[in-house]
Asker: 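Got a structure for you, questions after.
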Amino acid sequence: MVIKHKWIFKTEAPWSDANEKMLALDTGGWRTERPVLDKSLCNYCGLCALYCPPQCMRDKGDHYEVDLKWCKGCGICAHECPRKALTMKPEGDFANES
Amino acid sequence: MKAKKGQVSVMMGNAVTATVAALCRPEVIACYPITPQSEVAETISSIVADGKLDADIVEVEGENSAMNVCRGASLAGARTFTATSSYGLVYMYDTILETAGFRAPVVMANVNRETPGIHAVSSGQQDLISTRDSGWIQIIVENNQEIADQLIMCYRLAEDYDIQLPVMMNYDGYYLSYLNEEVEIPVQEDVDAFLAPLKKQPKRPVIVPGAATGAGTHGMEMGYVEARYKHWSAMDRAKKKVDEIDKEFGDYFGRSYGGQIEEYKMDDAEIAIVASGSAAGTAKDVIDDKRAAGIKVGLVKLRLFRPFPEERLIQALKGKKAISVIDRSICFGWKYGPMCTELKALASSIGNVPILSYIDGLANLDITIPHIGRVVDETAAAAEGKAYQDITWIPLEE
């Protein structure tokens with residue numbers, strides 16, 4: 001057998017080094033809805049960040065902001081927010097944004 | 001031979017497992033008790049509680065957690081030990097697959113027992129067969145001394161830098177688990193010395209708190225293909241490694257077992273019996289008797305089941321006039337027993353000879369001397385060109 005494949009893992013076992021290239025899925029591409037924050041309602045409690053499954057809520061000092069590269073649009077942050085500061089909006093609403 | 005004479009005493013199989021596992025100095029142990037393995041969990045817990053082994057025992061609520069604990073600890077670089085049987089083995093099924101896929105070198109004793117389906121608290125190899133394609137190295141031993149010796153060899157094999165695979169050591173529940181036999185337990189310094197070469201090898205990657213590493217979870221598309229190919233290749237390499245470690249063990253301790261297979265009186269044998277586990281011991285006695293009666297029969301004891309010892313079996317069985325395989329389990333969807341079905345895949349290399357399949361010893365029914373005697377007689381008749389049954393469930397014809 002002639003192997004043309006270029007090895008992805010440097011190790012015998014499937015270990016990856018996230019400092020270089022983490023082998024991960026671009027989960028942002030799965031999203032059909034995104035959380036939109038009303039900053040006037042947010043009291044920076046951090047529950048959205050605590051519950052976020054892919055851990056993509058970024059701490060901005062006085063609120064949390066979603067990292068859309070990883071947000072799958074699951075809506076758990078909006079569901080858990082006690083002040084209803086997060087609302088899930090369809091991706092179609094943002095279709096014209098670059 | 002370099003080893004000092006160890007303590008010789010009469011010990012139960014499960015006690016041997018726990019005692020020798022402790023001599024291998026596992027750092028993390030998670031072991032949920034299940035018949036017929038319970039004494040392994042109990043004994044190793046008391047060894048740690050008595051301060052004779054410095055290890056963390058994680059008390060788990062079931063086998064699934066036990067294997068998860070062992071995999072996690074192994075990925076963090078620890079030497080681990082666990083033991084299970086039957087329901088426990090299948091309860092950890094998803095996590096034994098992950099342990100293999102993550103290439104975590106966990107060592108586990110599996111005390112063979114019939115699996116769920118028909119509730120049978122009794123011996124049989126169906127649990128081993130049910131995890132055949134899990135990616136673990138699977139070894140079967142025959143007696144209590146072999147439990148002691150193989151367990152030490154299992155750590156050398158699993159943690160070898162060229163292998164990095166979990167190893168499951170199987171022995172017959174109810175037979176060996178509760179059988180008291182004379183066993184020489186190696187001394188601690190000799191076990192340490194035998195395992196010492198592992199320390200000179202390159203260090204495998206481990207989880208480091210705070211470091212940005214990912215283990216085992218990134219197998220999409222070509223990453224999956226690559227990880228599977230490397231795993232598959234390591235399984236192939238393991239065959240030779242089993243032989244090498246067995247030889248080295250023999251040189252050091254004065255006891256060796258043939259590696260992948262043990263050949264008993266095979267050199268001039270015209271017909272061969274293939275068996276495994278404690279039944280292989282009975283088969284050796286039968287072979288001695290049949291040879292005294294003029295039948296040139298030999299035994300191949302299958303020690304390594306996964307990876308399957310293709311090359312060694314072909315070498316041992318080529319040119320024999322007929323072969324019988326005694327299986328202590330069944331293969332749903334194939335006519336023959338599981339080990340016989342595997343052996344038949346080698347038929348084009350072995351030669352066009354009768355291969356007879358026998359099912360025996362299910363659910364604590366003994367594989368007796370008369371049973372194996374019958375197998376030898378029928379194999380000899382098949383070798384002479386007489387008609388034979390290609391599959392026989394021995395207990396149903398009793």
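Basis for what follows: all heavy atoms, side chains included, without hydrogens, waters or symmetry-related copies. Residue numbers start from 1 in every chain, and the chains themselves are labelled A, B, ... in the order their sequence lines are given, proteins ahead of strands.
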Asker: Verify the ring-centre separation between A:Tyr44 and A:Tyr64: is it less than 6.0 angstrom?
Answerer: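 Distance test on ring centres: under 6.0 Å, yes.
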Asker: Residues in salt bridge (charged side-chain N to carboxylate O under 4.0 Å, His left out) with B:Asp149, at least two apart?
Answerer: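 By the salt bridge (charged side-chain N to carboxylate O under 4.0 Å, His left out) rule, B:Asp149 matches B:Arg255.
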Asker: Counting a contact as any heavy-atom pair under 4.5 Å apart, which residues of residues 194-205 of chain B contact chain A?
Answerer: B:Pro205
Asker: Donor-acceptor pair, B:Gln164 side chain versus B:Glu159 backbone, under 3.5 Å?
Answerer: no
Asker: Can you find a heavy atom in the side chain of B:Met169 that is under 4.5 Å from one in the side chain of B:Asn110?
Answerer: no
Asker: Ignoring hydrogens and angles, tell me if any N or O in the side chain of A:Thr27 forms a donor-acceptor pair with the backbone of A:Trp70 under 3.5 Å.
Answerer: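 Between the backbone of A:Trp70 and the side chain of A:Thr27 there is a qualifying donor-acceptor contact (under 3.5 Å).
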Asker: Taking B:Thr82 for the side chain and B:Ala30 for the main chain, is one N or O donor matched with an acceptor at less than 3.5 Å?
Answerer: yes
Asker: Is it the side chain or the backbone of B:Leu75 that comes within 4.5 Å of chain A heavy atoms, both, or neither?
Answerer: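 Both backbone and side chain.
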